[in-house]
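Order of the sequence lines fixes the chain letters, A, B, ..., with proteins taken first and strands second; residue numbering starts at 1 for each chain. Values below: every heavy atom of this structure, side chains too, minus hydrogens, waters and symmetry copies.
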2 protein chains.
Amino acid sequence: MKTKSFSDMQCSIARTLDHVGSWWSLLIIRDAMMGARRFKHFQRNLGIAKNTLTSRLNDLVAGGILERVPAADGYAHEEYVLTERGRDLAPVIIALGQWGDKWVAHEKGPSTVVTVRESGEPLPRIWPRRADGELLALNEVGMRWANGAGPITETQEKEDPS
Amino acid sequence: MKTKSFSDMQCSIARTLDHVGSWWSLLIIRDAMMGARRFKHFQRNLGIAKNTLTSRLNDLVAGGILERVPAADGYAHEEYVLTERGRDLAPVIIALGQWGDKWVAHEKGPSTVVTVRESGEPLPRIWPRRADGELLALNEVGMRWANGAGPITETQEKEDPS
DNA sequence: CCGTATCCATTCCGATACTG
DNA sequence: CAGTATCGGAATGGATACGG
């Protein structure tokens with residue numbers, strides 16, 4: 001991000017963060033998922049400065065998250081639409097939103113609502129599941145370094161206590 | 001974040017982003033999920049400057065994501081452990097990692113592996129599902145503003161082309 | 001080992017004015 | 001409407017030296 005780029009880290013999370021770019025990027029992606037396609041949509045919804053928005057949009061296009069396409073209705077301007085790469089960020093966006101709804105909700109309630117379209121009910125929490133769809137407890141999820149080492153609840157070392 | 005705080009936005013995503021603080025925060029949380037508990041763990045794993053690490057850790061503690069606890073082994077130092085609030089960020093972390101694995105993988109492969117502990121197999125993709133666990137296509141997921149307005153694939157307006 | 005205190009470089013962002 | 005150009009302020013992050 002700032003001084004050091006994360007893109008050379010051998011860590012998918014860091015590489016993703018480096019790619020997405022900044023917090024504004026995620027909010028722009030959220031708005032794109034909500035249907036925003038035009039410069040003025042993003043600008044109005046987010047209250048972001050125009051030059052900043054230009055910069056973020058360019059980054060997202062360069063990163064293959066957004067794509068510039070001619071306006072479908074025949075007008076002169078171009079529009080910004082999510083690529084497959086960008087749509088694939090939906091779980092990240094939704095998970096962020098669900099965490100916020102649960103832990104840092106606004107007193108006036110959430111501004112966006114995510115539902116199962118078929119039933120109209122709120123989308124179940126995005127959460128680790130088994131292949132058959134069963135929810136997993138966190139201690140049933142194994143996180144380890146690719147080179148071996150310990151599970152989520154243990155430290156990676158024996159030696160050298162303080 | 002920078003100049004403007006997102007915390008007053010009526011948007012769970014923005015509020016979450018504001019809470020988490022910075023990219024380093026998410027990497028620190030990832031490490032904590034991997035079992036890191038001590039200052040030196042984070043510092044070594046992330047290659048982060050000490051003062052920056054101090055600052056981020058303090059923010060995370062203040063935000064209720066991490067908790068300072070006495071070292072379990074009786075040594076003088078304290079350790080940092082995830083709160084429930086922090087553990088609840090697991091879906092975000094995992095989703096970020098999965099996106100990175102898919103789209104911006106490192107040539108040497110991912111550095112961390114997430115599995116179903118029971119079977120040892122890779123964790124299925126974190127993705128929106130119905131209550132019964134069935135995967136949803138993105139167009140089966142409804143995203144709308146809380147005050148009404150259109151679905152994910154439509155713009156929010158009729159007026160004012162150009 | 002775990003920080004804290006300075007100092008400094010880079011980046012991000014916002015406000016404003018201006019162009020096609 | 002959709003940017004671009006310039007400016008300045010703020011936050012992030014790194015290096016280093018120092019204390020508990």
(request) Dot-bracket for DNA chain C, please, read 5' to 3', with Watson-Crick or G-U wobble pairs under 3.5 Å on both distances, ( ) within the strand, [ ] crossing, | other strand, . unpaired. (result) |.||||||||||||||||||
(request) Dump the intermediate steps for salt bridge (charged side-chain N to carboxylate O under 4.0 Å, His left out) on B:Asp59 and B:Arg56, then the final yes or no. (result) CA-CA 5 Å; B:Asp59 289 351; B:Arg56 295 293 131 250; 2.4 Å; yes
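Across the protein-nucleic acid pair, B:Phe42 atom CZ and D:dG14 atom C1' stand 20 Å apart, rounded to whole Å.
Ring pair A:Phe42/A:Tyr80 is perpendicular by interplanar angle, where above 60° counts as perpendicular and below 30° as parallel.
Close to D:dA11, at under 4.0 Å from its OP1 or OP2, lies no side-chain N or O of B:Ser22. Phosphate contact (OP1/OP2 of C:dC2, side-chain N/O of B:Arg38, threshold under 4.0 Å): present. Within the structure, a side-chain polar atom (N or O) of A:Thr52 is placed less than 4.0 Å from OP1 or OP2 of C:dG14. An OP1 or OP2 oxygen of D:dT12 is reached within less than 4.0 angstrom by no side-chain nitrogen or oxygen of B:Trp23. In terms of phosphate contacts, A:Trp24 brings no side-chain nitrogen or oxygen within less than 4.0 Å of OP1 or OP2 of C:dC12.
Every pair passing salt bridge (charged side-chain N to carboxylate O under 4.0 Å, His left out) that includes a residue from residues 89-108 of chain B is listed here, sequence neighbours excluded: A:Asp88-B:Lys102.
The side chain to side chain donor-acceptor pair (under 3.5 Å) test applied to B:Arg85 returns B:His19, not counting sequence neighbours. Considering only residues two or more places apart in sequence or on other chains, A:Glu118 meets the salt bridge (charged side-chain N to carboxylate O under 4.0 Å, His left out) condition with B:Arg130. Considering only residues two or more places apart in sequence or on other chains, A:Asn51 meets the side-chain contact (heavy atoms from CB on, under 4.5 Å) condition with A:Ala49. Residues satisfying the salt bridge (charged side-chain N to carboxylate O under 4.0 Å, His left out) criterion with B:Glu84, sequence neighbours excluded, are absent altogether.
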Identify all pairs in which a protein N or O lies below 3.5 Å from an N or O of nucleotides 3-5 of chain C, and state each distance.
from	atom 1	to	atom 2	distance (Å)
C:dG3	OP2	B:Tyr80	OH	2.8
C:dG3	N7	B:Lys50	NZ	3.3
C:dG3	O6	B:Lys50	NZ	2.6
C:dA5	N6	B:Asn51	ND2	3.4

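Checking A:Ile93, A:Val92, A:Ile94, A:Leu96 one by one against A:Ile126, the side chain to side chain contact (heavy atoms under 4.5 Å, CB included) holds for a single residue, A:Ile94.
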